Amino acid sequence: MSSFKSISGTFDILPEGHTSGGDSIAPSRIWQHAEAAIRKVMGMYGAEEIRTPILEPTELISRGIGQLTDIVSKEMFAFERGDTHYVLRPEVTAPVMRAYQQHHLDQKGGVQRLFYIGPCFRAERPQKGRYRQFHQFGLEIIGATDARADAETIACAVDVYRELGLNDFTIRLNSLGDSESRPRYKEALIAYITPFADQLSEVSRNRLETNPMRILDTKIEKEREMLRGAPILADFLDDESRQHHEEVKAHLTSIGLTFQDDPFLVRGLDYYSRTAFEIESDSLGAQGSLAGGGRYDLLSLELGAKQIIPAVGFAAGMERLIMALDAANLIDIPSPRLDAFIVALGDAALSWTFPMAHSLRENGIKVGYDLKGRSMKAQMREASRQNAKFVIIVGEDELVAGAAQVKDMDQSSQRSVPFDQLASQLTN
RNA sequence: GUGGUCGUAGCUCAGUUGGUUAGAGCGCCAGGUUGUGGCCCUGGAGGUCGGGGGUUCAAGACCCCUCGAUCACCCCA
């Protein structure tokens with residue numbers, strides 16, 4: 001046994017799955033199952049995959065997400081070598097926008113629909129549904145201001161969950177306004193909250209200075225009560241944002257998606273403007289947020305573009321998705337069957353096994369055999385354990401006859417099949 | 001960063017008010033069947049009882065420290 005183990009907040013994904021403490025890590029085939037559904041749905045939206053590096057310049061993330069956000073101020077895995085500051089990406093939106101600008105994807109004309117699946121890193125204390133290396137998938141629609149793009153983003157996320165059979169989630173929606181209306185709202189909010197300042201928690205009091213809108217997110221009951229009479233962002237929206245928000249809602253309604261209009265929904269990343277949304281599982285625990293996203297027209301400028309590149313997107317957690325699947329009993333995916341397992345007896349048969357297995361595999365037959373030189377009983381048991389459909393038995397007699405005994409493991413029936421007919425007999 | 005809970009076999013867990021060689025089920029290996037899986041029977045391997053220190057004639061049990069895991073706060077996917 002190794003004295004090493006995976007770093008806290010990270011985990012291995014094994015063929016059979018396992019429990020890591022109280023949390024269960026699904027088998028790799030469940031991850032593949034979920035990823036296949038994601039790829040399928042993304043395909044329906046005409047989105048193509050983008051893969052960006054896990055390592056990014058720190059500056060990209062801090063400028064993109066915002067210096068004062070928790071992600072940047074305390075949750076980044078960052079280091080430097082020489083003059084370069086590196087960070088393990090904590091999310092993928094800023095890297096995608098970086099790639100879009102770097103490769104001048106706007107010059108291709110039209111709108112880019114890009115999706116991704118991959119690991120992200122945040123130096124948080126791990127807990128259920130929250131890891132230091134976790135996996136996100138998401139869609140970014142870049143180059144469109146049309147409210148249909150916002151609605152489409154939400155619809156796409158929802159379609160992924162539905163494709164996998166999940167239906168118990170809630171969509172919360174808000175508009176954060178634009179760079180004009182938001183400051184006006186912030187002022188009003190500060191004016192409203194300041195008289196209560198001495199009753200606030202320390203975090204909230206700090207936020208009053210740095211990022212007052214995040215106080216809206218508070219879960220402290222006393223503060224929520226205090227906020228009951230607070231000014232509502234919706235009342236401060238500029239006409240265009242208001243119009244845009246109405247359109248997004250109308251589009252969602254037009255495809256029968258129900259949502260909660262939540263004026264207190266604020267996202268933890270600074271780059272959002274106008275549309276912000278969150279999809280929450282109804283059956284998960286504290287970490288029930290399945291996906292989040294919104295419009296981030298201003299991110300492009302933050303990253304150095306000369307003009308606004310409008311964009312909307314969502315990011316979703318693979319771990320949360322799988323947790324939700326698990327909670328809904330939707331991860332009962334059987335492992336793939338072996339078509340044939342070769343049982344060999346005697347040295348001559350043992351060496352015959354290798355080229356025969358190879359030849360069957362070339363014919364598209366999934367073949368396994370014992371590599372430990374074990375007894376026939378043990379080989380049969382192994383075949384059974386691997387759920388092989390057929391067992392090919394070869395010993396001295398079969399080598400002489402040039403025909404193997406082929407046993408149908410489900411029927412328990414057995415017949416003799418000439419070596420040169422094994423491939424064709426096993427394929428039908 | 002803060003708080004709670006928990007560390008005994010590969011896994012899930014028993015282990016009396018401290019008392020000899022630490023147990024069960026499942027899994028694994030072998031035999032029962034000299035060439036036939038599942039079911040059954042028999043046997044076996046596998047443990048520095050997370051680590052260190054202390055109390056005691058005696059510690060898996062009690063005390064302290066430490067490491068780890070986990071849940072929650074915070075935050076987010």
Side-chain angles (χ1 to χ4, degrees), chain A residues 1 3 5-9 11 14 16-24 65 69-75 90-93 116-138 157 201-204 206-207 211 214 217-220 266-269 278-281 284-293 313-324 341 343-346 349 370 372 374-398 404-414:
Chain A
M1 200 164 85
S3 50
K5 49 184 173 179
S6 55
I7 284 171
S8 173
F11 55 87
L14 306 177
E16 282 315 311
H18 63 293
T19 52
S20 129
D23 222 358
S24 72
I65 300 180
T69 60
D70 288 315
I71 294 177
V72 169
S73 62
K74 57 180 196 191
E75 296 170 3
E91 55 102 55
V92 193
T93 298
Y116 58 82
I117 308 177
C120 294
F121 303 82
R122 290 182 200 174
E124 302 179 277
R125 253 312 235 284
Q127 75 188 63
K128 190 176 183 62
R130 194 178 76 182
Y131 300 92
R132 291 186 163 181
Q133 174 175 341
F134 59 105
H135 301 78
Q136 285 197 343
F137 66 95
S201 65
E202 201 186 316
V203 228
S204 290
N206 285 336
R207 281 189 182 144
N211 197 349
R214 300 229 12 96
D217 245 3
T218 185
K219 283 168 189 161
I220 302 170
V266 184
R267 311 232 64 244
L269 296 81
E278 205 163 305
I279 301 178
E280 267 173 58
S281 164
L284 257 37
Q287 309 299 329
S289 179
L290 290 173
F314 80 84
M318 286 294 295
E319 287 77 8
R320 307 257 170 105
L321 167 59
I322 290 174
M323 277 167 67
F341 189 95
V343 169
L345 301 153
D370 175 59
K372 294 176 80 173
R374 288 187 287 187
S375 70
M376 180 173 197
K377 185 190 178 86
Q379 293 185 61
M380 289 299 294
R381 203 166 39 229
E382 187 62 33
S384 198
R385 194 162 27 217
Q386 295 198 31
N387 201 16
K389 289 184 199 135
F390 294 96
V391 164
I392 299 168
I393 302 166
V394 176
E396 302 295 335
D397 299 347
E398 286 75 16
Q405 291 295 316
V406 173
K407 178 168 186 173
D408 183 321
M409 293 295 272
D410 296 332
Q411 314 279 322
S412 266
S413 61
Q414 192 166 313

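So you know, we letter chains A, B, ... as the sequences are listed, proteins then strands, and number each from 1. Only a predicted model underlies this, so the values are computations on that prediction, with no experimental measurement involved.
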Distance (rounded to the nearest 0.5 Å) between A/Gln136 CD and A/Ile117 CD1: 12.0 Å
Span that lies between the C1' atom of B/C62 and that of B/U55, in whole angstrom: 8 Å
Along RNA chain B (nearest heavy atom to each residue), the more 5'-positioned of A/Ser6 and A/Arg122: A/Ser6
Answer whether the closest heavy-atom distance between the side chains of A/Phe341 and A/Phe390 falls below 4.5 Å. no
Looking only at B/C74, B/G38, B/A72, the nucleotide nearest the A/Lys74 side chain is B/C74
Write down the partner of B/G31 under the Watson-Crick or G-U wobble criteria, each distance required to be under 3.5 Å. B/C41
Can you see which heavy atom on A/Ala315 is nearest to which on A/Tyr116, and at what distance? CB-OH, 3.4 Å
Find out whether A/Val391 and A/Met380 are in side-chain contact, i.e. whether some heavy atom of one side chain is under 4.5 Å from a heavy atom of the other. yes
Among B/U2, B/G35, B/C74, the one nearest A/Met376 by side-chain distance: B/G35
Nearest-0.5 Å distance, CD of residue A/Gln386 to CE of residue A/Met409: 11.0 Å
Rounded to the nearest 0.5 angstrom, the CZ-CE distance for A/Arg320 and A/Met318 is 13.0 Å
Any salt bridge linking A/Glu124 with A/Arg132? Criterion: basic side-chain nitrogen under 4.0 Å from a carboxylate oxygen. no
Using atom CD1 of A/Ile393 as one end and atom P of B/G37 as the other, report the distance to the nearest whole Å. 10 Å
Across all strands, who's sitting opposite B/G1 as a Watson-Crick or G-U wobble pair, both distances under 3.5 Å? B/C73
What nucleotide, of B/G37, B/A77, B/A72, holds the atom closest to the side chain of A/Met409? B/G37
I'd like to check A/Ile71 versus A/Arg122 (side-chain heavy atoms, cut-off strictly below 4.5 Å). Are they in contact? yes
Nearest listed nucleotide, side chain of A/Ser412, among B/G38, B/A77, B/A72: B/G38
Hey, does A/Gln414 reach any base, or is it just sugar-phosphate, or nothing, if we go heavy atoms under 4.0 Å? base
Among B/G37, B/C75, B/A72, which is the nearest nucleotide to the side chain of A/Arg125? B/A72
Distance check, rounded to the nearest 0.5 Å: A/Ile392 atom CD1 versus A/Glu398 atom CD? 11.5 Å
In the structure I gave you, are the side-chain heavy atoms of A/Glu319 and A/Arg130 within less than 4.5 Å of one another anywhere? no
A/Glu398 (side chain) and B/G35 (base): donor-acceptor pair under 3.5 Å: yes
Can you check the A/Asn387 CG to B/G38 C1' distance for me, whole Å? 11 Å
Please give me the minimum heavy-atom distance between A/Ala291 and A/Phe314, naming the atom from each residue. CB-CD1, 4.4 Å
Between B/C64 and B/G23, how far is it from one C1' atom to the other, in whole Å? 29 Å
B/A69 P sits how many Å from A/Tyr131 OH, rounded? 12 Å
NA contact type, A/Glu280, heavy-atom cut-off 4.0 Å: base, sugar-phosphate, or nothing? nothing
Any strand: nucleotide that pairs with B/G10 via Watson-Crick or wobble, under 3.5 Å: B/C26
Can you pull every protein N or O that's under 3.5 Å from an N or O on nucleotides 42-48 of chain B?
none

pair_partner(B/U16), Watson-Crick or wobble, both distances < 3.5 Å, evaluates to none
Whole-Å distance, A/Lys128 NZ to B/C74 P, equals 18 Å
Between C1' of B/U34 and CD of A/Glu396, the distance in whole Å: 14 Å
How far, in whole Å, is B/G54 from B/A14 if one measures between their C1' atoms? 28 Å
Atom-to-atom span, CD1 of A/Ile7 to C1' of B/G68 - whole angstrom: 14 Å
Looking at A/Ser8, does any N or O in its side chain come under 4.0 Å of the phosphate oxygens OP1/OP2 on B/G68? no
Distance in angstrom units between A/Lys407 NZ and B/G37 P, rounded: 6 Å
Rounded interatomic separation in angstrom, taking CG from A/Leu345 and P from B/U34: 12 Å
Whole-Å C1' distance, B/G4 and B/G15: 26 Å
For the C1' atoms, the ones on B/U2 and on B/C74, what distance do you get once it is rounded to whole angstrom? 9 Å
Per-nucleotide protein contact along nucleotides 25-33 of chain B, 5' to 3', at a 4.0 Å heavy-atom cut-off (B base, S sugar-phosphate only, - neither), is ---SSS-B-
Any idea which of B/C71, B/C75, B/G35 is nearest the A/Arg130 side chain? B/C75
Do A/Met376 and A/Arg374 have side chains that get closer than 4.5 Å, going by heavy atoms? no
Nearest-Å distance once atom C1' is located in both B/A9 and B/A45: 11 Å
Ignoring backbone atoms, establish whether A/Gln127 has a side-chain N or O less than 4.0 Å from OP1 or OP2 of B/C73. yes
Options B/G68, B/G35, B/G38, nucleotide nearest the side-chain atoms of A/Lys5: B/G68
Could you measure between the two P atoms, the one in B/G7 and the one in B/G50, and give it in whole Å? 8 Å
Given the P atoms of B/C11 and B/A69, what is the spacing between them in whole Å? 15 Å
Sugar-phosphate only, base, or nothing, as touched by A/Ala315 at under 4.0 Å among non-hydrogen atoms: sugar-phosphate
Answer with base, sugar-phosphate or nothing: what part of the nucleic acid does A/Leu321 contact at a heavy-atom distance below 4.0 Å? nothing
Any heavy-atom pair between the side chains of A/Lys372 and A/Glu382 that's under 4.5 Å? no
Look at the side chain of A/Ser384 and decide which nucleotide, out of B/G35, B/G37, B/A72, has an atom nearest to it. B/G37
